[in-house]
Engineer: 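Mind having a look at this structure? Questions to follow.
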Protein chains: 2
Amino acid sequence: METGPVKPWHLDRVPTCPLVMTLNILGGKWKPLILHRLASGTLRFGELRKRIPAVSQKMLTQQLRELEADGMIVRTVFPEIPPRVEYSLSSRGLSLRPLLDQLYRWGQTELMSEEAPADKSWS
Amino acid sequence: METGPVKPWHLDRVPTCPLVMTLNILGGKWKPLILHRLASGTLRFGELRKRIPAVSQKMLTQQLRELEADGMIVRTVFPEIPPRVEYSLSSRGLSLRPLLDQLYRWGQTELMSEEAPADKSWS
DNA sequence: CAGAATCCTTCAAGATACTG
DNA sequence: CAGTATCTTGAAGGATTCTG
C-alpha cells in the first residue's frame with residue numbers, strides 16, 4: 001500500500017549525479033551482497049539467508065523488496081504449501097554483474113594480497 | 001589508539017568474503033561519493049563539501065577520517081592561518097578509480113538513458 | 001578555514017511473537 | 001517456509017556553538 005516503505009538511507013530521489021543514483025539503488029547495507037549471491041543463480045529465501053549469515057530475516061526481506069522495487073531482482077512466488085519463493089536477478093540486475101565482480105576482485109587483490117584462506121565457503 | 005572510532009555500520013572486521021571486506025571500506029554512506037570527487041584531483045575540505053552538498057560537515061569529517069584510517073585517502077595539513085587541509089587519493093584509493101568510473105557509468109547508461117540534463121554541474 | 005564538542009531527534013535494525 | 005506485525009533501543013546523523 002506504499003505507506004512509506006522505510007526507505008532506509010537513500011540520499012535523494014531527485015535526479016542528480018549518476019553516481020548518486022547508482023548508490024541510491026546499490027547503497028543499501030546488504031544489497032551488493034544480495035546481488036552478488038544471486039549472480040550465481042536463482043536462490044530461495046532461506047538459501048539466501050544462509051549465504052549472508054549476518055543479515056537478519058527482517059533486513060533481508062526489506063532489502064529484497066527494495067531491490068525488487070528498483071527492478072534489480074525478480075521475485076517468484078510458488079503457490080505451494082509450504083510456500084516457496086525464489087529470487088533471481090532481472091535483466092537490469094544482470095547488467096551489473098561485471099561491477100559486482102570488480103568489487104569482489106578489488107577486495108581480493110587489494111585487501112587480501114597475502115592471507116589466502118584455505119576454505120572458500122563463501123565465493 | 002583504536003579506541004573504537006564510531007565504527008558506523010561496518011559488517012565485520014574479521015576476514016570474510018572479499019566483497020564484504022570491500023564493502024566495509026566503501027560501504028559508508030558518502031564514501032564512494034567522496035572518493036569519486038577526489039578522483040578528479042586533490043581538494044580542500046571546503047571544496048569537497050561544495051561538491052557533495054547534501055553531506056553535513058560532521059559526516060564529511062567522520063567519513064574522511066575513516067577513509068584515511070583505511071588507507072584510501074591522504075590528509076595533508078598545512079600549518080597556516082587560516083588552516084588549510086587537503087585531501088587526495090592514496091595509491092590504494094587510486095586503485096579503485098576504474099571501479100568508481102564503472103559505478104558512474106552504470107548509473108548513466110542504466111538509469112539515465114533518456115532524460116539527459118543540459119547542465120552537468122556535478123561531474 | 002577546518003574542524004571538535006554538545007545536545008538532541010530520528011530511525012535503522014534487533015528481538016520476539018504470530019500466520020497462511 | 002517465508003514472511004508480517006510490534007516493540008524497543010542503540011546509534012546515525014542534524015543543528016548549533018566554540019576554537020586554534
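Computed from heavy atoms alone, side chains included, the values below leave out hydrogens, waters and symmetry copies. First the proteins, then the strands, lettered A, B, ... as listed; each starts at 1. Computed from a predicted structure; not experimentally measured.
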Engineer: When the distance from CG of A:Leu64 to P of D:dC1 is rounded to whole Å, what number comes out?
Structural biologist: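 The distance from CG of A:Leu64 to P of D:dC1 comes to 17 Å, rounded to the nearest Å.
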Engineer: Roughly how many Å is it from CG in A:Leu60 to C1' in D:dC1, rounded to a whole number?
Structural biologist: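 Atom-to-atom, A:Leu60 to D:dC1, this comes out as 13 Å.
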Engineer: Any side-chain N or O of B:Ser56 under 4.0 Å from OP1/OP2 of D:dG13?
Structural biologist: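 Checking D:dG13 against B:Ser56, no side-chain N or O comes under 4.0 Å of OP1 or OP2.
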Engineer: Let me know the distance between CD of B:Gln63 and P of D:dG14, rounded to the nearest Å.
Structural biologist: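 Rounded to whole Å, this separation is 10 Å.
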Engineer: On DNA chain C, does the nearest nucleotide to A:Pro83 precede the nearest nucleotide to A:Val55 from the 5' side, or the other way round? Give the residue.
Structural biologist: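 The 5'-side residue here is A:Val55.
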Engineer: Starting at the 5' end of DNA chain D and moving along, which residue's nearest nucleotide shows up first, A:Lys58 or A:Pro82?
Structural biologist: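 Taking each residue's closest nucleotide, the earlier one in sequence belongs to A:Pro82.
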Engineer: Taking everything shown except B:Arg105 itself, do over 12 heavy atoms lie less than 6.0 Å from its CZ?
Structural biologist: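 Open: at most 12 neighbouring heavy atoms sit under 6.0 Å from CZ of B:Arg105.
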Engineer: For A:Arg49, which contact category applies under a 4.0 Å heavy-atom criterion: base, sugar-phosphate, or nothing?
Structural biologist: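 No contact at all - A:Arg49 keeps every heavy atom at 4.0 Å or more from the nucleic acid.
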Engineer: At less than 4.0 Å, is any side-chain N or O atom of B:Arg75 found next to OP1 or OP2 of C:dG3? Yes or no.
Structural biologist: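 For B:Arg75, the contact criterion (side-chain N or O under 4.0 Å from OP1 or OP2 of C:dG3) is met.
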Engineer: Round to the nearest Å and state the distance from B:Gln62 atom CD to C:dA5 atom P.
Structural biologist: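 These atoms are roughly 13 Å apart.
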Engineer: Measure the distance from NZ on B:Lys50 to P on C:dC1 and round it to the nearest whole Å.
Structural biologist: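 After rounding, the gap between these two atoms is 8 Å.
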Engineer: Is it possible for you to say whether A:Val85 and A:Leu38 belong to one hydrophobic cluster, with membership spreading through side-chain heavy-atom contacts below 4.5 Å?
Structural biologist: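 In one cluster with A:Val85: A:Leu38, yes.
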Engineer: Once you measure the plane-to-plane angle for A:His36 and A:Tyr104, does it fall in the parallel (<30°), tilted (30-60°) or perpendicular (>60°) bin?
Structural biologist: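 Taking A:Tyr104 first and then A:His36, their aromatic rings lie parallel (interplane angle under 30°).
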Engineer: Given atom CH2 of A:Trp30 and atom P of C:dA13, what is their separation to the nearest angstrom?
Structural biologist: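 The answer, rounded to whole Å, is 9 Å.
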Engineer: Ion pair present between B:Glu86 and B:Arg84, side-chain N to carboxylate O less than 4.0 angstrom?
Structural biologist: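 Looking at B:Glu86 and B:Arg84, the cut-off is met.
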Engineer: Nearest to the side chain of A:Lys29 - C:dC1, D:dG3, C:dG14?
Structural biologist: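 My answer, after comparing the listed nucleotides, is C:dG14.
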Engineer: Rounded off to whole Å, could you give me the CD-to-P distance for the B:Glu86 and C:dC1 pair?
Structural biologist: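 Rounded to the whole Å, the gap is 15 Å.
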Engineer: From the list D:dG3, D:dG13, C:dG3, which nucleotide is the closest neighbour of the side chain of B:Met59?
Structural biologist: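 The closest nucleotide is D:dG13.
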Engineer: If you compare every side-chain N and O of B:Arg44 against the phosphate oxygens of C:dA2 (OP1, OP2), does one of them come in below 4.0 Å?
Structural biologist: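 Yes, B:Arg44 has a side-chain N/O under 4.0 Å of OP1/OP2 on C:dA2.
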Engineer: Mind checking A:Tyr87 for me? I need base, sugar-phosphate or nothing, with any heavy atom below 4.0 Å counting as a touch.
Structural biologist: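 Since only primed, P, OP1 and OP2 atoms lie under 4.0 Å of A:Tyr87, the category is sugar-phosphate.
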Engineer: Find the distance B:Arg65:CZ to C:dG3:C1' and express it as a whole number of Å.
Structural biologist: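 So the CZ-C1' distance, B:Arg65 to C:dG3, works out to 7 Å.
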Engineer: What's the closest nucleotide to the B:Val85 side chain, out of D:dG14, C:dG20, C:dA2?
Structural biologist: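 When the side chain of B:Val85 is considered, C:dA2 is the closest of D:dG14, C:dG20, C:dA2.
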Engineer: Mind checking B:Gln57 for me? I need base, sugar-phosphate or nothing, with any heavy atom below 4.0 Å counting as a touch.
Structural biologist: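 Base contact.
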Engineer: Closest heavy-atom contact between B:Ser90 and B:Gly71?
Structural biologist: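 It is OG-O, 2.6 Å.
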